[in-house]
Amino acid sequence: MPYLDVDNTRLHYDDAGTGPALLFLHGWGTSGRVWQSSLPDLVRDHRVVTLDWRGCGRSDHPAEGTTIDGLTADAAAVIEALELTTPVVVGSSFGAVFGTELALARPELVGGVVAVDGPAHWPAVALQEKILGLREQLADDRPGTVAGWVPHWFAPGTSAAIIDWTVRQLVDSSVYLDDLFTEVTRYDPRPRLPQLTVPIAYLHGELDTEIPLDVPRECAALTPGAVVHVIAGCGHIPHQEAPRAFTAALRSVLPAATRRAA
């Protein structure tokens, strides 16, 4: 299996196809495998790299580096090590935070960003309290908390097998990732979005109960040229719930999320 050594940590990735580059960053606790249903279509005309964050999937699970800055730096290191030419970074949930931060901090590395149901910021004190409470519950009963929480990520009617598989990935992920829940309650990119020079598009599940649809709409209104595409009938993980609809939606926003040809 292919690995990169980044800051004394082995990061697993998959790399297939040729053409303009796409770098996929999964959400909290899962792995690059969450994108697998979209890959056969996308590799026909793109170079597609899927990464397992540190602490997730087949990558190492160190105690250090699982912060927004640390995971953003990992993504930058992967782009440089694999010589990806200004890829579009497609990030789900927390992965969308890393994609946005990468575009703000290292715009020369990134051709565009697609934020898939990304938190961006927490718009209400009640949501902040919910996330901080979740952090404590994970410490008390990680398997039980994950099993009770994850079904709410998905739209009604989602396959039970997909939900169970997601739960297993999260339970197997690093406990050091839990600190992100404390950090993200203080995260708010809105003051910097008007200065974003990298194109960004927001894909968002219509039925996402974790991240309100008002969040990407507000962020897009602050960001020059940003677009929002709502995926009907989907919750927080549209690429797992309706992969064909997700892939079509992704293809529809890629031109708006790209500034330079690879």
Side-chain angles (χ1 to χ4, degrees), residues 1-16 22-39 48-79 81-82 84 87 89-102 113-119 131 134-135 137-139 142-143 145-147 149-150 153-154 161-184 187 210-211 236-241 243:
M1 291 190 291
Y3 290 92
L4 288 172
D5 192 316
V6 175
D7 191 24
N8 297 315
T9 300
R10 288 200 322 161
L11 301 182
H12 178 271
Y13 68 96
D14 287 309
D15 186 352
L22 304 174
L23 173 62
F24 283 84
L25 304 176
H26 59 83
W28 178 82
T30 57
S31 74
R33 289 186 170 118
V34 298
W35 309 103
Q36 61 189 6
S37 294
S38 296
L39 300 186
V48 180
V49 175
T50 58
L51 176 69
D52 290 1
W53 306 356
R54 66 173 62 217
C56 299
R58 295 150 288 182
S59 293
D60 286 349
H61 293 194
E64 300 81 22
T66 51
T67 63
I68 291 174
D69 286 347
L71 290 158
T72 300
D74 283 351
V78 168
I79 290 172
L82 296 181
L84 300 179
V89 179
V90 184
S92 168
S93 193
F94 269 108
V97 170
F98 309 145
T100 302
E101 286 301 303
L102 185 58
V113 176
V114 178
V116 182
D117 291 77
I131 294 302
L134 179 66
R135 176 71 180 81
Q137 293 164 26
L138 285 166
R142 188 177 183 82
T145 298
V146 169
W149 178 37
V150 168
W153 294 9
F154 296 92
I162 289 176
I163 296 172
D164 290 345
W165 177 60
T166 304
V167 168
R168 290 198 303 273
Q169 288 186 83
L170 267 62
V171 171
D172 288 341
S173 67
S174 171
V175 295
Y176 299 110
L177 293 171
D178 299 355
D179 290 341
L180 283 168
F181 288 114
T182 302
E183 185 179 9
V184 80
Y187 178 73
E210 296 299 308
I211 308 298
H236 189 59
I237 317 287
H239 43 290
Q240 292 183 251
E241 298 170 55

Hey, what do you get for [atom1] ([X]) to [atom2] ([Y]), rounding to the nearest 0.5 Å?
| X | Y | atom1 | atom2 | answer |
| --- | --- | --- | --- | --- |
| His239 | Ser92 | NE2 | OG | 3.5 Å |
| Phe154 | Ile163 | CZ | CD1 | 6.0 Å |
| Leu71 | Leu102 | CG | CG | 12.0 Å |

At their closest point, which heavy atom of [X] faces which heavy atom of [Y], and how far apart are they?
| X | Y | answer |
| --- | --- | --- |
| Gly55 | Leu177 | O-CD1, 3.6 Å |
| Leu25 | Gly99 | CD1-N, 4.3 Å |
| Trp35 | Val90 | CZ2-O, 4.0 Å |
| Gln240 | Pro243 | O-CD, 3.7 Å |
| Gly32 | Thr50 | O-CB, 4.0 Å |
| Ile68 | Leu180 | N-CD2, 3.8 Å |

So, the side chain of [X] versus the backbone of [Y]: is there a donor-acceptor pair under 3.5 Å, distance only?
| X | Y | result |
| --- | --- | --- |
| Thr66 | Tyr176 | yes |
| Thr67 | Gly70 | yes |
| Ser59 | His12 | yes |
| Glu101 | Val97 | no |

I want to check something: taking the side chain as every heavy atom from C-beta on, are Val49 and Leu22 in contact at a cut-off of under 4.5 Å?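 SC-SC contact between Val49 and Leu22 ruled out.
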Answer yes or no: is there a side-chain heavy-atom contact under 4.5 Å between Trp28 and Leu170?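 They are in side-chain contact.
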Could you list the residues that satisfy side chain to side chain donor-acceptor pair (under 3.5 Å) with Asp179, not counting sequence neighbours?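 If we apply the side chain to side chain donor-acceptor pair (under 3.5 Å) test to Asp179, skipping adjacent residues, the hits are Arg135.
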Identify, with sequence neighbours excluded, every residue that meets side chain to side chain donor-acceptor pair (under 3.5 Å) alongside Thr72.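 In terms of side chain to side chain donor-acceptor pair (under 3.5 Å), with neighbours along the sequence ignored, Thr72 is linked to no residue.
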Measure the acute angle between the ring planes of Phe181 and Phe94, then classify it against the limits of 30° and 60° as parallel, tilted or perpendicular.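 Ring orientation of Phe181 relative to Phe94: perpendicular.
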Below 30° counts as parallel, above 60° as perpendicular, anything between as tilted: where do the rings of Trp53 and His26 land?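 The arrangement is parallel - the two ring planes meet at less than 30°.
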Is it true that [X] and [Y] have a side-chain N and a carboxylate O under 4.0 angstrom from each other?
| X | Y | answer |
| --- | --- | --- |
| Arg54 | Asp60 | no |
| Asp52 | Arg58 | yes |
| Arg142 | Asp178 | yes |

Side chains of [X] and [Y]: do they bring a donor and an acceptor to under 3.5 Å?
| X | Y | value |
| --- | --- | --- |
| Trp149 | Glu210 | yes |
| Thr30 | Gln169 | no |
| His236 | Ser93 | yes |

Option passing side chain to side chain contact (heavy atoms under 4.5 Å, CB included) with Val146 (candidates Thr166, Leu134, Val167):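 For Val146, the side chain to side chain contact (heavy atoms under 4.5 Å, CB included) test succeeds with only one of Thr166, Leu134, Val167, which is Val167.
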